Amino acid sequence: MVLADGDYALACSEGSFGGVATTYYDLFRVENGYIAEHWDVMETLAAEDTWQNPNGKF
């Protein structure tokens, strides 16, 4: 999933890191057509049987 507003874009995705289900969040600030800043976070995805809704992390 990618969300954008003005000079900012947020990319949210799921994958695997070291064999563990993981979510990735990347926030970019764009200036003059180039990435000026980037922040990221990785978080282990909880087991599906602990989810509070059927939508998963996103």
Side-chain angles (χ1 to χ4, degrees):
M1 172 175 59
V2 177
L3 305 168
D5 185 21
D7 295 338
Y8 292 91
L10 174 66
C12 303
S13 58
E14 295 180 8
S16 177
F17 185 77
V20 177
T22 304
T23 57
Y24 303 92
Y25 300 86
D26 290 278
L27 180 63
F28 301 92
R29 184 178 67 82
V30 179
E31 185 176 296
N32 297 322
Y34 294 95
I35 296 173
E37 295 181 86
H38 170 247
W39 301 270
D40 61 77
V41 174
M42 296 170 40
E43 184 178 323
T44 301
L45 186 60
E48 190 170 346
D49 62 345
T50 65
W51 293 358
Q52 300 298 308
N53 62 59
N55 299 328
K57 187 70 174 179
F58 304 115

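A quick note: this is a predicted structure, and the numbers were derived from the prediction, not measured.
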With sequence neighbours left out, which residue pairs that include part of residues 17-26 fulfil the salt bridge (charged side-chain N to carboxylate O under 4.0 Å, His left out) condition?
none
Could you pull out the closest heavy-atom pair between Y25 and C12, with the gap in Å?
CD2-SG, 3.7 Å
Joint cluster assignment, W39 & L3, ILVMFWY side-chain distance < 4.5 Å
yes
From F28 atom CZ to L10 atom CG, the distance as rounded to the nearest 0.5 Å
9.0 Å
Rounded to the nearest 0.5 Å, what's the gap from OH on Y8 to CZ on R29? Could you check?
5.5 Å
How long is the span from the CG atom in L27 to the CG atom in D40, to the nearest 0.5 Å?
10.0 Å
In the hydrophobic clustering (ILVMFWY, side-chain contacts below 4.5 Å, transitive), which residues join V30, or is it alone?
none
Rounded to the nearest 0.5 Å, what separates atom CD in E14 from atom CD in E43?
11.0 Å
